[in-house]
Amino acid sequence: METASGTYTAKLIDGPLEGKTVSTGFLDSGDPQPRIDFPGDGGKHYVYSRGSGLEFETPDDDRPSAVEYRFVETVFD
């Protein structure tokens with residue numbers, strides 16, 4: 001999901017995928033994704049929403065290198 005704006009690490013801090021990390025792309029505006037969906041087994045997917053935790057490589061960075069995401073719901077197709 002890389003964009004021209006680069007990538008960051010999404011840290012899943014709770015829910016069924018707790019402890020996992022994935023690389024994902026910033027929006028074209030340069031902001032982190034507000035929500036991320038992950039496919040699961042049996043026609044379901046997990047929805048995570050951006051949390052408040054941000055990590056930066058250096059104090060001078062404009063964009064975070066990692067963002068926390070919290071579990072919202074499991075959607076069954």
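Computed from heavy atoms alone, side chains included, the values below leave out hydrogens, waters and symmetry copies. The residues of the chain are indexed from 1 along the displayed sequence.
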> Could you pull out all residues at least two apart from Phe56 that satisfy ring-ring contact (aromatic ring centres under 6.0 Å, His included)?
none
> Applying side chain to side chain contact (heavy atoms under 4.5 Å, CB included), name anything that partners Asp62, two or more places apart in sequence or on another chain.
none
> Check salt bridge (charged side-chain N to carboxylate O under 4.0 Å, His left out) between Asp61 and all other residues, then give those that pass, not counting sequence neighbours.
none
> For the pair Arg50 (side chain) and Arg35 (backbone), establish whether a donor and an acceptor sit closer than 3.5 Å, ignoring hydrogens and angles.
no
> Can you name the ring-ring contact (aromatic ring centres under 6.0 Å, His included) partners of Tyr46, sequence neighbours left out?
none
> For the residue pair Pro39 and His45, what are the closest heavy atoms and their distance?
CA-CB, 3.9 Å
> Within the structure provided, determine whether Tyr48 and Asp37 are in side-chain contact (heavy-atom separation under 4.5 Å).
no
> Do Pro34 and Leu27 come close enough that some side-chain heavy atom pair is under 4.5 Å?
yes
> List the residues meeting salt bridge (charged side-chain N to carboxylate O under 4.0 Å, His left out) with Glu55, not counting sequence neighbours, and say none if there are none.
Lys11
> Distance from Thr21 atom OG1 to Ile13 atom CD1, nearest 0.5 Å?
13.5 Å
> Where is the tightest heavy-atom contact between Arg63 and Gly30, given as atom of each residue plus distance?
CD-O, 3.4 Å
> Looking at residues at least two apart in the chain, or sitting in another chain, which of them share a side chain to side chain contact (heavy atoms under 4.5 Å, CB included) with Val22?
Ala10, Phe38
> Just list the side-chain donor-acceptor pairs under 3.5 Å for residues 67-77, sequence neighbours left out, or say none.
unit_1: Tyr69; atom_1: OH; unit_2: Tyr8; atom_2: OH; d: 2.5
unit_1: Tyr69; atom_1: OH; unit_2: Gln33; atom_2: O; d: 2.6
unit_1: Arg70; atom_1: NH2; unit_2: Asp14; atom_2: OD2; d: 3.1

> Would you kindly say whether Ser29 and Asp31 are connected by a side-chain donor-acceptor distance under 3.5 Å?
yes
